[in-house]
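The figures that follow rest on heavy atoms only: side chains count, while hydrogens, waters and symmetry mates do not. Since this is a predicted model, take the numbers as computed values, not measurements.
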Amino acid sequence: MVIKYEELNDEEYAFRKFKALLEEQLGRDLTKIEARKIRWLSGWENETVGVFFDLIHEVAGKKNEGGL
């Protein structure tokens, strides 16, 4: 059985993925405080990080489709 969000067990990897997603969707670099909070969040349990990651991705997709 594959554990969902297993790849997010590595805090540095999770941070880079999360930061890249947010910067892509925002169209700008994160501020220092934003990046610091994303780094903090990336240290949470991998399933929690994955859920937030998926939610942001889903909202961004709806925004790009004109749904928001």
Side-chain angles (χ1 to χ4, degrees):
M1 180 174 108
V2 174
I3 299 171
K4 192 169 184 178
Y5 308 119
E6 186 173 14
E7 75 277 8
L8 298 174
N9 274 336
D10 179 85
E11 184 176 337
E12 185 60 30
Y13 175 80
F15 170 70
R16 287 192 318 268
K17 293 283 285 183
F18 226 145
K19 185 175 184 284
L21 173 66
L22 288 167
E23 289 178 338
E24 176 186 331
Q25 295 305 318
L26 291 168
R28 64 172 176 83
D29 290 343
L30 294 180
T31 65
K32 287 182 180 183
I33 193 169
E34 290 167 341
R36 194 172 73 230
K37 297 306 177 185
I38 295 306
R39 182 169 295 285
W40 170 74
L41 178 63
S42 298
W44 288 9
E45 185 231 358
N46 64 316
E47 189 174 58
T48 301
V49 174
V51 167
F52 278 105
F53 187 88
D54 284 350
L55 287 170
I56 292 167
H57 205 99
E58 183 178 338
V59 168
K62 289 183 180 188
K63 177 181 159 198
N64 293 337
E65 294 171 1
L68 293 178

Are L55 and L30 in one and the same hydrophobic cluster, where Ile, Leu, Val, Met, Phe, Trp and Tyr link if side-chain heavy atoms are under 4.5 Å apart? yes

Please check if the side chain of E23 supplies one atom and the backbone of D29 the other of a donor-acceptor pair under 3.5 Å. no

Can a salt bridge be assigned to the pair E34 and R28 using a cut-off of 4.0 Å between side-chain N and carboxylate O? yes

Is a side-chain N or O of S42 found less than 3.5 angstrom from the main chain of I38, in a donor-acceptor match? yes

So which atom in E11 and which in G43 form the shortest heavy-atom distance, rounded to 0.1 Å? CD-CA, 3.6 Å

Student check: side-chain heavy atoms of I56 and F18 closer than 4.5 Å: yes

Is E12 salt-bridged to R39, cutoff N-O under 4.0 Å? yes

E47 atom CD: more than 12 heavy-atom contacts under 6.0 Å: no

Could you tell me if the side chain of Y5 sits less than 4.5 Å from the side chain of D54, heavy atoms only? yes

For the NZ atom of K17 and the CZ atom of F53, what is their distance to the nearest 0.5 Å? 5.0 Å

